[in-house]
Amino acid sequence: MDPLAKKIFKGGLIAELVDIFGAYILFKKINTSQDFRQTMRKKCPFILEVYYKSIEHSGMYGIREQDQEKWLNSKN
């Protein structure tokens with residue numbers, strides 16, 4: 001394989017690994033912290049919606065409702 005092609009391949013592979021690692025860290029933080037989910041709701045609601053849909057698709061229901069209930073109660 002051409003040396004330039006090897007460098008491009010390695011760069012692409014490293015970028016993919018960084019993306020996967022970053023997505024894992026973001027998911028773990030969203031999954032474990034209700035406060036972080038509230039921050040995400042304010043800053044990036046579309047990411048939080050993807051999280052809720054993926055959790056519901058895996059069979060875990062009620063997280064969205066728990067979050068909404070807590071946030072509603074904290075306003076009062």
Side-chain angles (χ1 to χ4, degrees):
M1 197 183 325
D2 180 15
L4 179 61
K6 282 184 179 181
K7 286 183 181 182
I8 292 172
F9 179 77
K10 284 181 184 178
L13 185 62
I14 290 170
E16 285 291 323
L17 291 173
V18 168
D19 288 345
I20 290 170
F21 185 68
Y24 171 75
I25 290 173
L26 180 63
F27 178 81
K28 186 174 180 181
K29 185 141 181 158
I30 289 174
N31 198 37
T32 57
S33 173
Q34 195 174 38
D35 293 332
F36 187 70
R37 287 195 296 270
Q38 186 173 19
T39 301
M40 293 301 290
R41 183 184 78 159
K42 293 174 184 174
K43 293 185 177 184
C44 300
F46 60 92
I47 292 176
L48 188 60
E49 186 63 28
V50 169
Y51 165 75
Y52 285 140
K53 287 188 184 233
S54 67
I55 290 297
E56 290 167 355
H57 184 70
S58 71
M60 296 175 60
Y61 297 98
I63 294 175
R64 180 192 309 249
E65 292 78 14
Q66 289 173 1
D67 288 348
Q68 290 172 345
E69 184 178 334
K70 180 183 177 192
W71 300 331
L72 184 63
N73 289 338
S74 67
K75 286 183 180 180
N76 296 331

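These numbers come from the heavy atoms of this one structure, side chains and all, not from hydrogens, waters or symmetry mates. The residues of the chain are indexed from 1 along the displayed sequence.
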Fill in: Heavy-atom side-chain contact between R64 and R37 under 4.5 Å
no

Worksheet item: Quick one: side-chain contact (heavy atoms from CB on, under 4.5 Å) partners of A5, sequence neighbours excluded?
Response: M1, D2

Worksheet item: Would you say V50 and I63 are hydrophobically clustered, going by side-chain heavy atoms of ILVMFWY under 4.5 Å?
Response: no

Worksheet item: In Å and rounded to the nearest 0.5 Å, what is the CE to OG distance from M60 to S54?
Response: 9.5 Å

Fill in: Inter-residue atom distance T39.OG1 - R41.CZ, 0.5 Å rounding
10.0 Å

Worksheet item: Should Q68 and L72 be marked as a side chain to side chain contact (heavy atoms under 4.5 Å, CB included) after you check the CA-CA gap, both sets of side-chain angles, and the distance that decides it?
Response: CA-CA 6 Å; Q68 290 172 345; L72 184 63; over 6 Å; no

Worksheet item: If you round to the nearest 0.5 Å, how far is OG of S74 from CD of E69?
Response: 11.0 Å

Worksheet item: Quick one: do the Q34 and D67 side chains pair a donor with an acceptor below 3.5 Å?
Response: yes

Item to complete: Test side chain to side chain contact (heavy atoms under 4.5 Å, CB included) on D35 and K70 and set out the steps.
Response: CA-CA 10 Å; D35 293 332; K70 180 183 177 192; 3.6 Å; yes

Practice prompt. Give, for atom CG of L48 and atom CE of M40, the distance between the pair rounded to the nearest 0.5 Å.
Written response: 7.0 Å

Discussion item. Could you list the cluster mates of I8? Members are the ILVMFWY residues connected by side-chain heavy atoms closer than 4.5 Å, either directly or through other members.
Written reply: L4

Worksheet item: For K53, does the NZ atom have more than 12 heavy-atom neighbours from other residues, nucleotides or ligands under 6.0 Å away?
Response: no

Discussion item. Show every ring pair (Phe, Tyr, Trp, His ring centres under 6.0 Å) that has at least one partner inside residues 25-53, sequence neighbours left out.
Written reply: F27-Y51

Worksheet item: Hey, does the side chain of S33 reach the backbone of K29 with a donor-acceptor pair shorter than 3.5 angstrom?
Response: no

